[in-house]
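Heads up: the structure comes next, in structure tokens.
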Amino acid sequence: MRILVPVKRVVDYNVNVRVKADGSGVELTNVKMSMNPFDEVSVEAALRLKEAGKASEIVVVSIGPAKAEDTLRTALAMGADRAILVETDDTIEPLAVAKILKSVAEAEKPDLVLTGKQAIDDDSNQTGQMLSALLGWPQGTFASDIEIADGSAVVVREVDGGSRTIRIALPAVVTTDLRLNEPRYPSLPNIMKAKKKPLERRTPGDFGVTTEPRLIVMKTEEPSGRKAGVIVASAQELVQRLSAETGTI
Amino acid sequence: MAILLVVDHDNTSLSEQTAKALTAASLIGDEAGTEIHLLVAGEGVTAIAERAARLAGASKVLVADDPRYTDGLAEPLAALVVSLADGYDTIVAAATSSGKDVMPRVAALLDVSQISEITEVLDRVTFKRPVYAGNAVQTVRSTDAKRAITVRTSAFAVASEGPQVPIVPATTGQHQYPASSLVSEQLAKSERPDLTSAKVVVAGGRALGSAEKFNATIIPLADRLGAAVGASRAAVDAGYAPNDWQVGQTGKIVAPDLYIACGISGAIQHLAGMKDSKVIVAINQDSEAPIFQVADYGLVGDLFELLPELETALASRSATKS
Ligand SMILES: Cc1cc2nc3c(=O)[nH]c(=O)nc-3n(C[C@H](O)[C@H](O)[C@H](O)COP(=O)(O)OP(=O)(O)OC[C@H]3O[C@@H](n4cnc5c(N)ncnc54)[C@H](O)[C@@H]3O)c2cc1C
Ligand SMILES: Cc1cc2nc3c(=O)[nH]c(=O)nc-3n(C[C@H](O)[C@H](O)[C@H](O)COP(=O)(O)OP(=O)(O)OC[C@H]3O[C@@H](n4cnc5c(N)ncnc54)[C@H](O)[C@@H]3O)c2cc1C
């Protein structure tokens, strides 16, 4: 079984993102970038399936600038076998990402595609579902557990109110939630080895996909801020003030 | 052209999130005469359709009563919505786990971009939505022929009761979609208010230390206030609270009248899920904790002492009140 794992280079989750003063976007120069945390979980899930003898090859793919090679190398250092970089400096919406991934999937013929449930920059939570729709494959979103057996996947999904377990026939797309696993850190020798693992370079044009956005970002602004309030001295005072000043209790 | 709102329900009752998404849909269809149709798909959903038909803003309720939709699986539901899409230029759902499962599939099949989790409607094609865990707000304008939209319901009020509108069967033909099946469901049945619609939320963090202490400390206070219970990711990951109590960027987004954060440091990913609450109270022993920067009222100290005191203070207040 082959597993395809799309990995995205995003602003590191520890970075406190700032909006540019002119409202044209967020400040991304000299900001630390990392692999989307959900994608680390996907890579780890793929590695565990391989270690359990259920998968034979893990291919990672990223769509983004030349620097996205770093993200792919991280995935290779974690243990993925080879990488595909679809290089573009354009801003790519989930629909275009899904179209490119569809072409990659048609060429690579994976049995399973593991995407993150969302990327922590744009928080769209779309790409996996869109890819699954375009391929005509079933989907298992927000997975906190995946079992592979007899040509199907049994996926435990985190949903409002609890969880739901579904069975989907392979090939399928599964989107991962953070509780699926705790991703490993690549070891130094593996980081060195990863430098020599195969990395294929492509462009969106190779797949006949136009990346022109369908959504125009008119402006980006700071959210309406909150100010720090008062420190109260006791539980008693808290109750009095909540009651008198806010009417919430 | 008309707007289609996909109703979220559990085969028993209509989700209040849908009643909030309807408010957003009404703002999108601001021109007089724009019809809003509510689609109820499931099996034995008459009561839900009747409830939907009394929401102010609805023009008509379409019912797809069919075993294909019983289990709320994304593939058949997306195929149904796409088959109905011709008459609509806007398709809306609440950003619940079901809306997030289905709507991107609909968008891809219609070859349009999805606009995720809108928080404000500027006009029929222009919306605000938060990005980067709510650290920035984008204004986006769609250039697509149709729009597929999910609504962040914490930003919209519940649609009020209105006059009963017609309920008609939806056309459900043969659709092609990949097979999937429901194996089992583990849904918590609780008397407690739902996290995303509660007026008051009491949330606990890593500081609670164990599931037992979480139950012994957070729950009584929540019961006293008639509140829903939330948790930080640290508390959920450690097994102190079930996963659907998680509040934050990757959990639930809530905006109650009152949010009481107990032993939660205030990481940006947690703030992303609660900073639009009307009043925030933070209880934390570290006076430097970032949660205090967004809290209207702070109480510095050991929550294991302060929460019982708070409960006592609330109890004596209600005693004097009655
Ligand atoms: C107009 C506009 C301007 C933007 N500007 C910026 C910007 O300046 N900087 C910036 O970083 N982002 C920017 N974005 C966001 C970026 O283009 C989005 O990340 C993209 O639209 C995909 O959304 P998402 O990552 O939130 O998708 P999601 O659906 O949340 O992603 C889920 C999963 O899909 C997979 N995936 C998504 N994208 C890729 C990819 N490129 N390669 C491989 N796998 C992927 C991953 O597995 C990921 O976990 C902008 C978006 C728009 C619409
Ligand atoms: C991609 C990603 C997504 C994430 N999504 C989410 C999300 O959706 N929701 C979320 O919550 N987190 C999320 N996180 C995790 C987040 O970054 C924090 O790690 C988490 O919120 C911390 O939880 P906490 O505040 O309970 O724990 P801590 O940060 O450990 O804080 C515990 C607090 O309790 C206080 N304390 C300790 N003992 C006591 C006591 N006896 N009395 C009073 N106070 C006490 C401490 O002073 C401290 O401030 C995400 C992280 C990543 C990387």
Side-chain angles (χ1 to χ4, degrees), chain A residues 11 16-17 19 26 93-95 98 118 120-126 129-130 132-134 136-139 141-142 144 154 158-169 178-179 214-223 226 228-232 235-236 238-239 241-243 246 248-249, chain B residues 74-75 78 96-97 100-101 104-105 107-109 112-116 130-144 178-188 200 225 237 243-244 250 257-258 268 275 279 281 292-300 306 309-310 313-314 317:
Chain A
V11 172
N16 210 340
V17 174
V19 174
V26 300
E93 291 175 2
L95 181 62
Q118 74 197 63
I120 59 164
D121 48 2
D122 211 35
D123 285 336
S124 296
N125 194 335
Q126 304 177 2
Q129 297 89 313
M130 287 185 155
S132 143
L134 295 177
W137 294 0
Q139 70 187 37
T141 52
F142 328 144
S144 61
V154 174
E158 292 200 357
V159 298
D160 298 345
S163 60
R164 307 182 96 213
T165 306
I166 59 167
R167 182 187 301 277
I168 48 181
L178 294 172
R179 266 178 288 279
R214 310 281 190 89
L215 296 177
I216 302 164
V217 177
M218 319 283 292
K219 108 177 138 187
T220 304
E221 58 197 324
E222 299 256 2
R226 283 192 90 96
V230 293
I231 299 292
V232 294
Q236 195 90 42
L238 178 62
V239 170
R241 295 188 68 161
L242 279 178
S243 171
T246 74
T248 52
I249 57 167
Chain B
E75 295 84 355
T96 55
S97 53
K100 292 193 271 199
D101 195 30
R105 247 191 121 82
L109 293 171
V112 302
S113 273
Q114 174 181 288
I115 309 155
S116 296
V131 291
Y132 291 96
N135 283 311
V137 179
Q138 277 182 347
T139 301
V140 295
R141 173 186 286 167
S142 164
T143 61
D144 279 314
S180 60
S181 59
L182 182 67
V183 176
S184 63
E185 219 167 14
Q186 303 79 35
L187 298 184
V200 181
L225 290 165
D237 284 359
N243 60 46
D244 71 307
T250 55
D257 292 342
L258 176 62
I268 43 176
K275 70 179 162 51
V279 177
V281 171
F292 287 119
Q293 289 162 21
V294 299
D296 301 286
Y297 298 93
L299 199 47
V300 179
L306 290 171
E309 281 173 31
L310 188 54
L314 286 164
R317 189 187 68 113

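Treat the numbers as computed from the prediction; the structure is a model and nothing was measured. Order of the sequence lines sets the chain letters (A, B, ...), proteins ahead of strands, with each chain counted from 1.
Between B:Leu258 and A:Leu242, the shortest heavy-atom distance links the atoms CD1-CD2, 4.0 Å. Taking all atoms of both residues into account, the shortest heavy-atom contact from B:Thr139 to A:Glu221 is OG1-OE2, 3.9 Å. When every heavy atom of B:Asp257 is checked against every heavy atom of A:Thr248, the shortest pair comes out as O-CG2, 3.7 Å. The two atoms that bring A:Val239 and B:Ala313 nearest to each other are CG2-CB, 3.7 Å, heavy atoms only. Summarising the geometry of B:Leu306 relative to A:Ala235, their closest heavy-atom pair is O-CB, 4.2 Å, with the distance given to 0.1 Å. Here the shortest heavy-atom pairing between B:Asn135 and A:Val19 reads O-CG2, 3.7 Å.
With a 4.5 Å cut-off on side-chain heavy atoms, B:Glu309 and A:Gln236 do not count as touching. Here the side chains of B:Asp244 and A:Val159 are not in contact, with every heavy-atom distance at 4.5 Å or above. For the pair B:Ile268 and A:Val17, the minimum side-chain heavy-atom distance is 4.5 Å or more. Contact of the A:Glu222 side chain with the B:Val137 side chain is not registered, since no non-hydrogen atoms from C-beta on lie closer than 4.5 Å. Contact of the B:Val140 side chain with the A:Met218 side chain is not registered, since no non-hydrogen atoms from C-beta on lie closer than 4.5 Å. Residues A:Ile249 and B:Leu225 meet the side-chain proximity criterion, which asks for heavy atoms closer than 4.5 Å.
With a 4.5 Å cut-off on non-hydrogen atoms, A:Leu95 touches chain B through its side chain but not through its backbone. Interface remark: A:Val230 contributes backbone and side-chain atoms alike to the contact with chain B (heavy atom separation under 4.5 Å). Both the backbone and the side chain of B:Val294 come within contact range of chain A, each with at least one heavy atom under 4.5 Å from a heavy atom of that chain. Of the atoms belonging to B:Gln186, heavy atoms from both backbone and side chain fall under 4.5 Å from chain A. In this structure, chain B has a heavy atom under 4.5 Å from the side chain of A:Leu238, while its backbone stays farther away. Contacts between A:Arg167 and chain B at a heavy-atom distance below 4.5 Å involve backbone atoms as well as side-chain atoms. Both the backbone and the side chain of B:Ala136 come within contact range of chain A, judged by heavy atoms closer than 4.5 Å. Contacts between B:Ala78 and chain A at a heavy-atom distance below 4.5 Å are absent for every atom of the residue.
Using a 3.5 Å distance cut-off with no hydrogens or angles, the side chains of A:Thr141 and B:Asp101 do pair a donor with an acceptor. Using a 3.5 Å distance cut-off with no hydrogens or angles, the side chains of B:Arg105 and A:Gln139 do pair a donor with an acceptor. For A:Thr220 and B:Gln138, the side-chain atoms include no donor-acceptor pair closer than 3.5 Å.
Judged purely by atom type and a 3.5 angstrom limit, B:Ser142 has no side-chain atom pairing as donor or acceptor with the backbone of A:Leu215. Checking side-chain atoms of A:Gln129 against main-chain N and O of B:Lys100 turns up a donor-acceptor pair under 3.5 Å. With hydrogens and angles disregarded, a donor-acceptor distance shorter than 3.5 Å links the side chain of A:Gln126 to the backbone of B:Gln114. A:Asp160 contributes a side-chain N or O that, together with a main-chain N or O of B:Ser97, makes up a donor-acceptor pair within less than 3.5 Å. Between the side chain of B:Ser116 and the backbone N or O of A:Ser124, at least one donor-acceptor pair lies under 3.5 Å.
Ranked by heavy-atom pairs under 4.5 Å with chain B, the list A:Ala169, A:Gly229, A:Gly161 is led by A:Gly161. For chain B, the option among A:Val154, A:Val232, A:Thr246 with the highest count of heavy-atom pairs below 4.5 Å is A:Val232. Between chain A and the residues B:Val200, B:Ile115, B:Val300, B:Val112, the most heavy-atom pairs under 4.5 angstrom are made by B:Val112.
Heavy atoms from other residues, nucleotides or ligands lying under 6.0 Å from CZ of B:Arg141 number 12 at most.
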Given B:Thr250 and A:Gln118, is the side-chain contact (heavy atoms from CB on, under 4.5 Å) satisfied, shown in steps? CA-CA 8 Å; B:Thr250 55; A:Gln118 74 197 63; 3.9 Å; yes
